[in-house]
Amino acid sequence: MIRRMEGRSRTGALALVGGVFAAAWLILGAAGLVGTGNAVVAALGVVACAAVFGFGETMLSPVMPTLTNAADDPVAAPTPAHRQPAPRRDRAESWM
């Protein structure tokens, strides 16, 4: 579903992944509430949970590296002034 993150909101995609994970856990909870007489329905609920969770993992795969790389990008996450490196001098000026 998410092929390229360029031009799209990374946080929006991460929120969507969180919604998919929440849906998977809700499906699993509903499967646990099914009575013992409907074991097949409960088993199908567990399988559906695994399928939805797997879809969420597939969506998470392109989202997390882009968020991690954005944390290293100086434009996306500027370095505070107290952590800026000292200015470099040319070799010609270093003896002065």
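All residue numbers refer to positions in the sequence shown, counting from 1.
- Under the 4.5 Å side-chain heavy-atom criterion for ILVMFWY residues, no single connected hydrophobic cluster contains both Val34 and Leu28.
- A distance of 10.5 Å separates CG in Leu44 from CG in Asn38, rounded to the nearest 0.5 Å.
- Scanning for side chain to side chain contact (heavy atoms under 4.5 Å, CB included) contacts around Val47 gives an empty result, with sequence neighbours left out.
- Val46 and Val41 are not part of a single hydrophobic cluster, where members link through side-chain heavy atoms under 4.5 Å apart.
- Closest non-hydrogen pair, Ala48 versus Ile27, comes out as CB-CG2, 4.0 Å.
- The hydrophobic cluster containing Leu26, built from Ile/Leu/Val/Met/Phe/Trp/Tyr side-chain heavy atoms closer than 4.5 Å, comprises no other residue.
- Leu14 is linked by a side chain to side chain contact (heavy atoms under 4.5 Å, CB included) to Leu60, Val63, Met64, Leu67, counting only residues two or more places apart in sequence or in another chain.
- Cluster note: Leu33 groups with no other residue, as no ILVMFWY side-chain heavy atom lies under 4.5 Å from it.
- With sequence neighbours excluded, the residues forming a side chain to side chain contact (heavy atoms under 4.5 Å, CB included) with Ala24 are Cys49, Val52, Phe53, listed by chain and number.
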